[in-house]
Amino acid sequence: MTGLISAGVAVPATRIALADILRAWRNVPEQVVRRLGVGGRAVPGPDVDTITLAAEAAQRALTSRVDAVFLGTQTNPYATRSAAAIVADMLGLSPHVFVTDLQCADKSGTAALLSAIAWVSSGLGERALAIGADTLALHAAPGDPFEYTAGAGAAAFVVGAEDGAATVVRAASAATDTPDRYRLDGERHIRGTGSAMTATGVGLEQHVKLAFGRLGVAAEEVGHLAVSQPDAATPARIAKVLGVPGESTGAGLVADRIGDAGSASALLSLARVLDRAGSGDTVVLLSYGAGASSDAVLMRATGNAIGSGTDRELDRAISVDYPTAVRYERRYAGHERLTGTYE
Amino acid sequence: MTGVAVAGAGITRHGFFPARSWKDLIVEASLAAVADAGMDLGRIDGGMVSCTLPETFEQQNLGAVTADELGLTPVPFGQLVGACAGGLMAVQAGIRMIQSGAHRCVLVAGVEKQSDTTTTADSMLSYVDADFEAAAGFDFVDTMALMHARYLQVHGTSEEAVAAFAVADRWYARHNPVAVDTGRPDITTADVLDSGWVSKPITRAACGRACDGSSAVVLVAADEVPDAPVIAGIAQATGPNGLAAKFGHPGYDGDIVRALPTAIAADSAYRQAGIGAGDVDVAQVHDCFTIMGSLHLEGLGIFPAGKAALAVQAGETALDGRCPANTDGGRIGLGHPTGTTGINVVVESVRQLRREAGVRQVRDPEVAVCQAMGGNNSTSAVAVLRRATGRSRHVGAE
Amino acid sequence: MWAPSEPIPRINTASGARGWRNRHGRYRLVGTVCGACEAVHFPARRICPSCRSADLAEKPLSRTGKVVCAAEDHSPLVGHGGRPVRPFAIIELDNGPSVLAELVDVRTVTPGQRVELVIRKWRRESNGLYEYGYKFRELP
């Protein structure tokens with residue numbers, strides 16, 4: 001069998017209240033912002049990027065030797081360099097390690113986890129590290145409604161040929177050409193294509209339904225749904241669409257405190273679930289990536305807490321105001337080369 | 001005794017001079033030193049140049065370029081780098097040139113043109129540990145802020161006492177016509193403490209003034225100019241360059257609260273000169289920040305460990321104090337063109353021993369000590385100068 | 001939008017090699033241990049300053065330690081100005097040497113405080129590469 005053995009997460013400690021963003025822009029009705037259920041979103045510090053978040057999460061997850069690193073992200077600061085290779089070196093892994101980056105919008109993280117599961121199940125290696133990491137906050141245009149929720153974070157899992165905290169039962173996926181949200185080559189900001197694509201369910205709802213439908217699990221059997229959450233209202237919306245019990249989304253809720261963690265979102269949710277799932281609990285991991293695609297993984301919890309410390313990272317919060325967030329995220333135009341300040 | 005005397009000393013105004021290049025400055029200081037020695041430029045038969053930041057004007061090989069600018073080629077000229085102690089180390093090299101017998105009259109000049117870049121702190125980064133301290137974003141004000149914090153922590157000294165160094169410097173600078181702060185009104189410790197953090201606990205007014213400037217001395221065998229101040233002793237010592245590496249370093253007491261290279265160099269220089277710290281009548285120390293001035297006064301043994309800041313606050317380094325210090329205004333009041341600094345301290349010692357310092361003149365000094373530090377106490381040079389006792393004889397007379 | 005088309009010459013543009021070769025120190029505090037006298041050093045050394053032995057072995061040092069003394073940078077260098085104020089400290093690692101490092105995600109800093117290593121960006125090099133390295137945050 002293949003199981004999830006250990007986990008670690010990293011979330012920027014600095015957070016901004018959505019009310020502060022609203023005060024700056026007033027471009028979305030207050031009740032619409034409130035309906036997202038997000039109190040504050042993560043603000044990556046000026047020294048934080050996808051690679052640092054991935055390295056911190058992976059360091060906390062790493063309790064044993066791994067022979068592969070799969071890093072899923074859509075916000076690698078380098079267009080061509082492998083972030084996984086940099087992270088592997090930061091972790092001090094043997095240079096004989098297999099590494100690869102995976103890019104599949106917001107489901108890059110579950111794509112990495114499925115690759116790690118496949119790596120171990122196939123016998124190519126004994127243990128693999130899967131990381132999902134993103135800094136969407138750096139790619140939200142000022143004044144874009146996406147700015148309210150675009151956060152950052154990373155989650156990492158060690159997958160091995162043993163039960164661990166959860167045993168993998170089955171996986172299923174779905175993908176179609178559905179242009180709902182994207183970032184073009186050479187551009188910084190992620191674009192949305194309007195509510196016709198995002199509110200009608202043509203993307204998110206259809207794809208999670210397609211993937212979940214192939215898992216072969218009865219909706220009412222789902223104990224925990226760990227799901228991609230661009231905002232804190234989405235898990236309940238998906239539960240409703242799938243017909244799974246509403247309370248199954250409780251343990252996996254993370255977006256209420258950090259906003260949209262992109263590729264890390266579903267994995268952060270899973271880490272929080274596996275910190276508390278009981279023996280025999282049915283756990284479903286379900287991701288959605290704009291563009292569009294979904295992965296679904298059916299797992300059985302063993303009752304051994306995975307010890308990711310997700311709550312501790314979520315609780316480590318320092319509030320910043322809007323000007324500070326703009327400064328940290330460098331969402332302004334400045335000199336190409338600044339002048340110094342010391343005399 | 002080194003057997004070498006300072007026949008002449010020259011210094012330019014310190015400050016920011018957009019229209020003047022480093023060549024303008026070093027030629028002015030060199031000609032002033034030669035004129036002060038009462039000799040012809042043509043007598044110079046060797047030279048050393050000190051500069052810490054030649055990348056600000058993107059020129060190296062300053063020895064040769066300076067010789068050429070002075071019209072002295074093919075006279076041998078070299079360049080010496082030792083961070084902010086480089087000037088005094090160049091003087092030491094000049095002394096060795098004369099002692100070797102190969103040279104009879106050596107020009108040692110320092111120059112800095114810090115205003116030629118927009119970011120002096122960036123240029124200075126090449127002196128902290130490049131791989132693990134500068135790259136992590138720490139410059140000298142940061143590393144010395146830690147020394148300042150550590151001094152307060154270990155000795156329980158007040159912020160006011162440490163700040164008093166800047167107050168004393170500014171009084172001297174007010175009366176020094178070449179100082180960057182010449183003629184500016186006196187300040188109080190409250191002014192120093194309220195001037196805004198640069199790197200807490202260091203405030204703006206507690207910082208040496210990075211600026212442009214040049215100074216030069218002419219060295220000759222002491223018996224050639226019996227009326228010139230002599231260099232009775234000179235020494236230099238090193239320590240670990242990284243700040244954090246000083247903790248637990250076998251050559252460094254295991255802490256950052258002591259200027260150990262200064263203490264080691266002083267011990268050697270005092271022995272050469274046959275003096276003790278109690279014999280010092282006037283001292284010039286490396287006060288690139290207020291805390292460093294006190295650390296070096298302690299390193300020189302003029303005040304006991306942990307007591308220098310209090311002594312400065314009590315007025316013991318003022319003109320009528322036990323040991324007047326930094327009588328030219330120091331790095332804080334005169335200015336800190338880093339490569340020049342180690343020669344500035346010699347220039348002021350000479351002025352004091354010749355009793356030409358005007359309002360700033362210390363009463364009847366016989367022994368002057370000067371010191372310059374480079375890096376985070378990673379190098380320090382100390383020189384002891386004595387007032388000449390011999391009869392007057394013009395240098396040019398053969 | 002107008003953009004300069006001429007390259008801007010800089011005399012000191014680092015090659016990728018300079019930062020790359022010391023990455024183990026930056027990422028994992030790889031220092032050296034003396035085979036003769038067991039002294040531990042950071043950064044890595046070639047000769048032991050305690051006994052002058054050249055028999056040194058590389059070793060990753062502890063990722064946790066405590067603050068010895070701290071200060072606060074209010075004039076960050078170019079490339080480090082993301083935050084207006086940067087707390088930093090001498091940190092004594094649990095297994096020996098001390099390092100100078102920035103503290104992140106902290107409100108107050110007091111001597112004796114326990115801290116742990118986090119990987120963060122140090123600065124972007126003039127060649128465009130990001131240089132990552134150790135910083136420290138409070139241990140819960």
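It should be emphasised that the depicted structure is a prediction, and the values quoted were computed from it without experimental measurement.
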Honestly, the part of A:Asp315 sitting under 4.5 Å from a heavy atom of chain C is neither
Do C:Leu129 and A:Arg81 pass the side chain to side chain contact (heavy atoms under 4.5 Å, CB included) test, and can you show the C-alpha distance, the side-chain angles, and the key distance before you say yes or no? CA-CA 10 Å; C:Leu129 288 166; A:Arg81 281 186 84 194; 3.7 Å; yes
Is A:Ala317 in contact with chain C via its backbone, its side chain, both, or neither, using a 4.5 Å heavy-atom distance? backbone
Once rounded to the nearest 0.5 Å, what's the spacing between atom CE of A:Met90 and atom CZ of C:Arg23? 10.5 Å
Taking NZ, NE, NH1 and NH2 as the nitrogens, is one of them in A:Arg316 or C:Glu138 under 4.0 Å from a carboxylate oxygen of the other? no
With a 4.0 Å cut-off on N to O distance, would you call C:Arg63 and A:Glu56 a salt bridge? no
Here the gap from A:Ile51 atom CD1 to C:Arg120 atom CZ, rounded to the nearest 0.5 Å, amounts to 14.0 Å
Would you say the side chain of A:Val87 lies within less than 4.5 Å of the side chain of C:Tyr27, judging by non-hydrogen atoms? no
Can you tell me how far CG of C:Asp105 sits from OG1 of A:Thr14, rounded to the nearest 0.5 angstrom? 6.0 Å
If you count the non-hydrogen atoms of other residues, nucleotides and ligands that lie under 6.0 Å from CZ in A:Arg188, is the total more than 12? yes
Could you tell me which portion of C:Val104 (side chain, backbone, both or neither) has an atom closer than 4.5 angstrom to a non-hydrogen atom of chain A? side chain
Under 4.5 Å heavy-atom distance to chain A, tell me which part of C:Glu131 shows up: side chain, backbone, both or neither. neither
Inspect the surroundings of CD in A:Glu187 and state if more than 12 heavy atoms from other residues, nucleotides or ligands are less than 6.0 Å away. yes
Which region of A:Glu329, side chain (C-beta onward) or backbone (N, CA, C, O), has a non-hydrogen atom less than 4.5 Å from a non-hydrogen atom of chain C, or is it both or neither? neither
Minimal non-hydrogen separation, A:Thr52 against C:Ile119, with atom names: CB-O, 3.3 Å
Are any side-chain N or O atoms of A:Arg327 and backbone N or O atoms of C:Gly82, one a donor and one an acceptor, separated by less than 3.5 Å? yes
Among C:Arg137, C:Arg123, C:Arg28, who wins on heavy-atom pairs under 4.5 Å with chain A? C:Arg137
Option from C:Arg83, C:Lys121, C:Arg86 for which side-chain hydrogen bond (donor to acceptor under 3.5 Å, both in side chains) with A:Asp47 holds: C:Arg83
Any sub-3.5 Å donor-acceptor pair from A:Tyr78's side-chain atoms to C:Tyr130's backbone N or O? yes
Neighbour count above 12 (heavy atom, 6.0 Å) for A:Gln103 CD: yes
Sort A:Leu91 into side chain, backbone, both or neither according to what part of it lies under 4.5 angstrom from a heavy atom of chain C. backbone
Where on C:Pro84 is there a heavy atom nearer than 4.5 Å to chain A: the side chain, the backbone, both, or neither? both
Applying a strict 4.5 Å limit to non-hydrogen atoms, the region of C:His80 in contact with chain A is neither
Return yes when atom CZ of A:Arg276 has more than 12 non-hydrogen atoms of other residues, nucleotides or ligands closer than 6.0 Å, and no otherwise. yes
Closest contact, heavy atoms only, A:Arg60 versus C:Val118: NH2-CG1, 3.8 Å
